[in-house]
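Every chain is numbered from 1 and lettered A, B, ... according to where its sequence line falls, protein lines coming before strand lines. A quick note: this is a predicted structure, and the numbers were derived from the prediction, not measured.
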2 protein chains.
Amino acid sequence: MGRKRTKSGKIRLAEVAELAGVSPITASRFFRNPEALSVAKRTRVESAAKELGYVPNLAARALASQRTEVIGVLIPSLTNNVFSDVLRGIYDASEGSRYSIQLSNTRYSILQEEKLLRLFLAQKPAGLIVTGIDQTAESRAMLEAADCPIVQIMEVGPNPVDMMIGFSHYDAARAAIAHLFAQGRRKVGFVGARMDPRVQRRLDGYVSAMKDAGLFEQRLVVTTATPTSVTLGGALFTDLLAREPDLDAVFCANDDLALGVLFECRRREIGVPEQIAIVGFNDLEFMASAVPTLTSVRTNRYEMGKTAATMLIEAIEGRRPEHPVLDLGFKVIERQSSSSRLSDNRPALSGGAAPNKMVALPSSHD
Amino acid sequence: MGRKRTKSGKIRLAEVAELAGVSPITASRFFRNPEALSVAKRTRVESAAKELGYVPNLAARALASQRTEVIGVLIPSLTNNVFSDVLRGIYDASEGSRYSIQLSNTRYSILQEEKLLRLFLAQKPAGLIVTGIDQTAESRAMLEAADCPIVQIMEVGPNPVDMMIGFSHYDAARAAIAHLFAQGRRKVGFVGARMDPRVQRRLDGYVSAMKDAGLFEQRLVVTTATPTSVTLGGALFTDLLAREPDLDAVFCANDDLALGVLFECRRREIGVPEQIAIVGFNDLEFMASAVPTLTSVRTNRYEMGKTAATMLIEAIEGRRPEHPVLDLGFKVIERQSSSSRLSDNRPALSGGAAPNKMVALPSSHD
DNA sequence: GTCGTTGCTGGTAGCGCTGTCAACGATCCT
DNA sequence: AGGATCGTTGACAGCGCTACCAGCAACGAC
């Protein structure tokens, strides 16, 4: 044989080729583009690889081909349930493909994001998934100069770098408020935490809906930069109540806050929905099972991640999607917590959750 | 110049070396082991690298050095809150180090784990973090043959492959049951979902504690292989109640189930803790803010991840920890949901959460 | 003065794989 | 029939970096 085995005893492509009786480059092609091989050689290489337990050396491949099979993913938080659903979608879509996921956490800092982006780009990723549309100018320039497909996720907006998949947080918030108005609520408070750009846009949607109805008042809005939590929901609601005792509804920027508000109402013996209606955001699983069941705006997080990764992989392989910007929309899932107070819709004391009425609203992005 | 720039315009180590007036290998050493250079060259290389914006090519480095700077992490689920906390710890610890995290999801399948392990090992990772102690024999053999440090996380047990960090789920469950006994509860049910090995060991702990007290009955145990959820907690509890209407406490294998049980009690107008005590597991954030506040077994998930990654990195760099097996213990956080029914400890209807009493129990691993 | 010894530096030779291009036979068209 | 085309295969030459070892100066011990 030409070369002796490496000392580590690892199987190299050359060994596979030798056993299959083909040249190394032919063996290489088997992994890269099997259709290019004759059926005979294809099966020979295949069985040789299997017999030897060959596993390709990714570093060598990356070095020789000048590209990696890595998809970089930049998300702002690892803790947030929302992102774990998105991530699960991304990982699921990448499974079975040749691409592996490289995850980094920007911790909601666009400066950190810029730094990570620089790092990622230097390794020539096959593709990139970034969260949101609020990059720094520098990041934006890097993304535009990158010679790989890019998907922005979580929201839709103007000027996509490349592809984009999400929904309009602004419209979703407006739909939630419209629902509350339809239930006869007028004094609708807003409770928000962390106040990242997407929560900010939900707030903007809330403000515009309230202003349209001539009902906006600054004191109805309680926010904090603190990371969100159930406990925080209770605390912010307490604040809100102190400012506006006549409150008849609360729109929470996420479901954890909504749950906190619900518990706080229970603690204070405030009837939900009789006195106060509660609407959350994201429709996490527990919302349907709370007592009373909690209204929320359903967002397609898993699907978003999965579609983003699928689109990205397609684009990497040269098949660009016909619609590079995808609006996944949202749905207001009406449940007991926001029923009209006139209707006799007390929390069911036995039996399962009430059936969900849905108000489907594919969000239109501006 | 010896070689011309690559077409991609990327800065290579050779360019840095040229600008600094040293050989490529000296420049290389600057990144690998700066102390080996004279101060003069060190600063020259440093400024040259900065001036050119040099970013090393990881693929080339990996190929040449026969090792990567990747830490492989195998976890069973991306959805589970528990793992997102652990992951956050791992990512936090890896930040600032030279190592990057490569995450894979085994979906609670040890066969899938074995497959992924094979994939990982072929890339010669710098280190590995695997979940639990229940690998297949094949996986176990691969791990033992691997020439990199390995940390098993989430639990402690006999025969660590290398390092190990976690706690005893068995002891934790026993402590939870002991707490319920101390509150005068006797008919304690068990509610569990997914039934992965760690949940199974919690069940084992429950069973042994109940048997020790002569109170064990098979019908007190309700489990399912279905993934856990809040809604499922309610359903399993409904089952349990049908089997044993005289139930006076429920030990839930996790907090989501506990929340579901709480909601179901509310739906059925069952007093908590007057009629039924509830104890959860993990002490997620919402437990302290529920009404009534929910007792749970606190586990140090973030710390576990962080310490695991820190230990691993230390070991990779040749500094093996003095204690390769670390038991992080647990604490039973007593809250309203499991107060003695004799005491007048109704759920506080106003004011914040009750102060937490803690029962600290560093778990002893068998 | 000779002989290590230490500290720093450079030359050589790949790591395992793939891009490029050329070569080959088989097939098709005029 | 002759040339063009297609499908399949192989030779060659690196990708950018680092392991290994040799070289060289400075230094101290005897």
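One finds a side-chain N or O of B/Ser23 lying less than 4.0 angstrom from the OP1 or OP2 phosphate oxygen of C/dG10. Side-chain nitrogen and oxygen atoms of B/Ser38 include none within less than 4.0 Å of the OP1 or OP2 phosphate oxygen of C/dG7. Between A/Tyr54 and C/dC17 there is a side-chain polar atom (N or O) within less than 4.0 angstrom of OP1 or OP2.
For A/Ser28, the side chain to side chain donor-acceptor pair (under 3.5 Å) test picks out no residue, with sequence neighbours left out. With sequence neighbours excluded, no residue satisfies ring-ring contact (aromatic ring centres under 6.0 Å, His included) with A/Tyr91. For the side chain to side chain contact (heavy atoms under 4.5 Å, CB included) test, residues two or more places apart in sequence or in another chain that qualify with B/Ala62 are A/Ala59, B/Thr68. Residues passing the salt bridge (Lys or Arg N to Asp or Glu O under 4.0 Å) test with A/Arg42, sequence neighbours excluded: none. Legend: residues meeting ring-ring contact (aromatic ring centres under 6.0 Å, His included) with A/Tyr54, ordered by chain and number and at least two apart, are A/Phe31.
Judged as a ring-ring contact (aromatic ring centres under 6.0 Å, His included), not a single pair has a partner in residues 92-151 of chain A (not counting sequence neighbours). Pairs engaging residues 126-153 of chain A under the salt bridge (Lys or Arg N to Asp or Glu O under 4.0 Å) rule: A/Arg118-A/Glu138, A/Asp134-A/Arg201, A/Arg140-A/Glu144 [sequence neighbours left out]. The salt bridge (Lys or Arg N to Asp or Glu O under 4.0 Å) contacts involving residues 89-113 of chain B comprise A/Asp92-B/Arg107, A/Glu95-B/Arg107, A/Arg107-B/Asp92, A/Arg107-B/Glu95, B/Glu69-B/Arg98, where partners must be two or more places apart or lie in separate chains.
A/Glu18 has its CD atom 17 Å from the C1' atom of C/dC17, to the nearest Å. Atom CG in A/Leu37 sits about 9 Å away from atom P in D/dG10, given to the nearest Å. Distance CG (B/Leu58) to C1' (D/dC17): 11 Å, rounded to an integer number of Å. Between the CD atom of B/Gln66 and the C1' atom of C/dC17 there is a distance of 13 Å, rounded to whole Å. Put simply, CD on A/Glu35 is 19 Å from P on D/dC6, counting in whole angstrom units. Computed from coordinates, the A/Ile11 CD1 to C/dC15 C1' distance equals 16 Å when rounded to whole Å. Per the geometry, CZ belonging to B/Arg67 stands 9 Å off P belonging to D/dT18, to the nearest Å. When the C1' atom of C/dC15 is taken as reference, atom CG of B/Leu63 falls 4 Å away, rounded to whole Å.
Closest heavy-atom contact between A/Met154 and A/Gly132: CB-N, 4.5 Å.
Of the residues in residues 39-49 of chain B, those placing a heavy atom less than 4.0 Å from an atom of DNA chain C are B/Lys41, in numerical order. Contact check of residues 24-33 of chain A against DNA chain C (heavy atom, cut-off under 4.0 Å) returns A/Ile25, A/Ser28, A/Arg32.
Among the protein residues, A/Ala36 comes within range of the sugar-phosphate backbone only, with heavy atoms under 4.0 Å from sugar or phosphate atoms but none that close to a base.
Counting only heavy atoms from C-beta on, A/Ser65 has its side chain closest to C/dT18 among C/dT18, D/dG10, C/dG16. The side chain of B/Arg61 approaches D/dT18 more closely than any other nucleotide in the set C/dT9, D/dT18, C/dT18. Proximity note for B/Leu13 (side chain, C-beta onward) versus C/dC8, C/dC15, D/dC17: the nearest is D/dC17.
Direction of the helix axis in the helix from C/dG1-D/dC30 to C/dT30-D/dA1 shifts by 30° between the two five-pair termini, rounded to 10°.
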Please list every donor-acceptor pair under 3.5 Å in which a side-chain atom of residues 305-312 of chain B meets a protein atom from a residue at least two apart or in another chain.
residue: B/Thr307; atom: OG1; partner: B/Glu303; partner atom: O; Å: 2.6
residue: B/Thr310; atom: OG1; partner: B/Lys306; partner atom: O; Å: 2.7

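Each of A/Ile110, A/Thr106, A/Val130 was compared with A/Leu117 under the side chain to side chain contact (heavy atoms under 4.5 Å, CB included) criterion, and only A/Val130 meets it. For the side chain to side chain contact (heavy atoms under 4.5 Å, CB included) with B/Ile75, the lone residue among B/Ile90, B/Thr131, B/Val82, B/Asn80 that qualifies is B/Thr131.
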